Amino acid sequence: MSFESLGLSAPVLQAVAEKGYTTPTPIQEKAIPIVLMGRDVLGCAQTGTGKTASFVLPMIDILSQGRAKARMPRTLILEPTRELAAQVAENFETYGKYNKLNMALLIGGVSFPDQERALERGVDVLIATPGRLLDHFERGGILLNDVKILVIDEADRMLDMGFIPDVERIVATLPTLRQTLFFSATMPPEIKRLADRFLSNPKEVTVSPPASASNTIVQGMIVVPEDDKRDALLALIKSQEVKNAIVFCNRKRDVATLHTVLKKHGLNAGALHGDMSQPARTETLEKFKAGDIQILVASDVAARGLDVQDMSHVFNYDVPFSPEDYVHRIGRTGRAGKTGHSFTLAAPHEGGLIEAIEKLIGTTIPRIEIPGLEVLQLEAGDGRRRGRGGRGGRPGGRSGAPAGDKPRGPRREPREPREHREPRPEVSAEPQAVAAEAPREASHEPRPERAPRERRPERAPRDHAPREQAPRENAPREQRAERRPERNQERRSEPRRDRDDGGPAPKGLGDHVPAFLARPSR
Ligand code: AMP
């Protein structure tokens with residue numbers, strides 16, 4: 001099938017041709033004609049499938065008629081992260097270059113006045129993260145009653161990040177007569193329920209995840225003591241031909257520590273996590289995309305949607321808590337038909353997480369060994385770090401830092417990294433190439449049981465001042481959401497206190513912090 005047969009206009013077809021795309025991807029083939037017809041779409045697809053163009057291309061054509069009024073956007077696209085929002089904006093610029101459309105990008109970490117000026121000019125396409133959009137809405141800077149098309153992208157990621165209440169508030173302010181396009185990589189029951197509420201007689205479009213045939217990723221896993229992960233990572237980086245790589249950690253503080261370790265070992269490394277300022281995030285990402293940074297140590301903020309051409313390796317320093325995140329993480333490599341490599345460093349206690357991943361992807365991740373490093377067996381478990389002996393170490397040291405179920409006193413400072421031991425061990429086994437992404441049906445299976453989440457202090461009443469002018473408690477909404485997973489309590493629980501979207505839990509009282517004590521004082 002060709003793009004011409006989808007019913008797109010000549011200017012859009014020309015922009016697509018200039019981008020070099022000749023054949024629509026399956027999601028584009030299925031979704032574009034439906035969107036052009038004005039119908040609602042329930043799309044089960046993830047990044048890497050060409051999903052963005054599947055809504056951007058027809059939206060450009062629909063928007064070519066009519067004009068926007070000041071502060072009244074005609075269409076709204078909600079994205080869970082700033083990076084994804086920025087990528088969608090780039091898509092509009094690329095494909096809309098022959099159409100005169102006004103666009104505004106409302107994301108956190110960027111100045112309010114610039115965004116207000118853009119809204120004032122009148123926007124055809126508004127791309128936003130939920131928090132920043134509500135901040136503008138509550139300041140009276142925007143009216144949403146002229147929105148004709150709503151796109152909710154990466155709905156399951158929104159759920160993960162605790163944004164669903166914000167999304168519900170936003171949708172409640174939109175006209176009921178509108179076209180809604182709803183995309184999610186997975187369709188757990190909570191997402192399905194949401195889709196049922198937001199969509200009207202939608203056409204369902206499901207595509208197989210990418211790469212099941214063409215994009216192959218060579219996967220491998222080594223089971224080592226937690227404390228040996230750092231050596232294993234350095235050995236792998238040394239023995240592999242790493243052009244560029246992302247190293248994923250589950251926790252923000254581990255990102256920072258591991259970043260320091262890699263730099264001390266002479267590697268050209270950068271760090272990316274949700275606590276960094278937006279300019280720093282953007283700069284790091286641009287440097288990584290440009291090849292000025294070779295190894296990016298990152299939290300899952302980088303797992304979805306980031307489109308870095310030709311990435312050679314992904315390393316999972318920690319096994320992700322959610323099996324879907326494994327699929328997203330390794331999907332950063334092996335894109336566009338190129339071969340990629342992914343290596344997972346698993347400690348024995350992460351056995352339960354590996355089991356869930358292998359169930360989801362329907363295959364066993366090949367085990368590898370690194371000479372000189374002890375190889376262990378996986379244990380059944382929930383993936384939480386153990387506090388015993390040397391098994392609970394952190395990336396920056398072999399401390400065996402406490403990492404049990406509850407906070408136990410002050411966190412230890414990471415120790416100075418050890419000197420790199422020479423000679424480097426070589427990786428003994430080259431794992432087999434396996435299909436990169438999970439089979440679609442598998443992603444509908446129930447997730448493994450996770451430990452209940454600890455109660456967090458209640459939120460302080462909101463102040464709508466922008467972050468640039470306000471202390472942390474008054475930060476814009478999406479940043480607060482990143483830090484406060486208690487907004488996400490309906491979500492399947494996992495140990496997120498120190499994940500990228502959560503801050504430290506109150507110490508000393510375990511689960512039983514009385515609300516009046518937990519409430520921040522002003
Ligand atoms: P997405 O799923 O929207 O993140 O897109 C993944 C990648 O596929 C991006 O690099 C797109 O530019 C690229 N892409 C989108 N549509 C096509 C197409 N029809 N042919 C080839 N590549 C495409």
Side-chain angles (χ1 to χ4, degrees), residues 1-8 12-33 35-36 41 43-61 77-97 125 127 151-157 181-186 205-217 244 246 285-286 288-290 300-311 314 324 327-338 340 436-438 440 443:
M1 188 181 261
S2 67
F3 276 106
E4 284 72 15
S5 60
L6 298 178
L8 293 164
V12 169
L13 289 173
Q14 192 178 342
V16 170
E18 283 171 21
K19 177 80 180 154
Y21 300 152
T22 50
T23 323
T25 64
I27 182 93
Q28 292 164 2
E29 212 177 287
K30 292 181 192 173
I32 289 173
V35 181
L36 286 173
V41 171
C44 197
Q46 58 191 51
T47 55
T49 54
K51 166 175 62 89
T52 316
S54 81
F55 59 82
V56 169
L57 299 180
M59 278 176 76
I60 293 170
D61 272 350
I77 300 172
L78 292 176
E79 293 288 336
T81 68
R82 302 164 188 183
E83 282 78 8
L84 281 169
Q87 256 172 221
V88 172
E90 277 170 30
N91 270 255
F92 267 100
E93 269 161 18
T94 306
Y95 301 125
K97 64 201 237 191
V125 187
I127 305 161
V151 180
I152 298 176
D153 197 16
E154 302 266 337
D156 53 351
R157 187 71 173 165
L181 317 175
F182 185 103
F183 294 93
S184 190
T186 55
V205 177
T206 299
V207 295
S208 305
S212 43
S214 60
N215 294 358
T216 52
I217 298 170
N244 50 2
I246 299 188
L285 208 55
E286 275 169 9
F288 184 59
K289 285 184 173 178
D300 281 297
V301 90
R304 288 215 192 188
L306 290 192
D307 194 18
V308 178
Q309 299 298 318
D310 258 354
M311 185 146 61
V314 165
E324 286 86 6
V327 176
H328 289 294
R329 287 180 181 188
I330 72 167
R332 298 309 96 214
T333 183
R335 285 164 89 79
K338 302 258 169 43
E437 308 264 3
R440 171 86 277 139
S443 64

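If you're wondering where the values come from, they're calculated on a predicted model, not measured in any experiment. When reading the values below, keep in mind they use all heavy atoms of this one structure, side chains included, and skip hydrogens, waters and symmetry mates. Just so you know, ligand 1 is whichever comes first in the structure, and atom 1 is the first atom listed for that ligand.
Residues Val88 and Thr52 come closest through the heavy atom pair CG2-CG2, 3.9 Å. In terms of heavy atoms, Lys97 sits closest to Ala15 at CG-CB, 4.2 Å.
Below 3.5 Å of separation, one finds no N or O of Tyr95 facing any N or O of ligand 1. Of the polar atoms of Gly50, at least one N or O is found under 3.5 Å from an N or O of ligand 1, judged by distance alone. An N or O contact shorter than 3.5 Å links Tyr21 to ligand 1 by distance.
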Query - Step-by-step side-chain contact (heavy atoms from CB on, under 4.5 Å) determination, Arg157 to Leu84 - result: CA-CA 11 Å; Arg157 187 71 173 165; Leu84 281 169; 5.6 Å; no
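In this structure the side chain of Val207 never reaches within 4.5 angstrom of the side chain of Lys51, judged on heavy atoms. Taking the side chain as every heavy atom from C-beta outward, Tyr95 and Met59 never approach each other to under 4.5 Å.
Atom numbering of ligand 1 starts at 1 in the shown order; those under 4.0 Å from a heavy atom of Thr23 are 18 (C), 19 (N), 20 (N). Counting the atoms of ligand 1 from 1 in the order shown, those under 4.0 Å from a heavy atom of Thr52 are 1 (P), 3 (O), 4 (O).
Of all the heavy atoms of Gln28, the ones lying under 4.0 Å from any atom of ligand 1 belong exclusively to the side chain. When non-hydrogen atoms are compared, ligand 1 lies under 4.0 Å from the side chain of Phe3 (C-beta onward) but not from its backbone.
Under the 3.5 Å distance criterion, with hydrogens and angles disregarded, a donor-acceptor pair is assigned to the side chains of Gln14 and Glu18.
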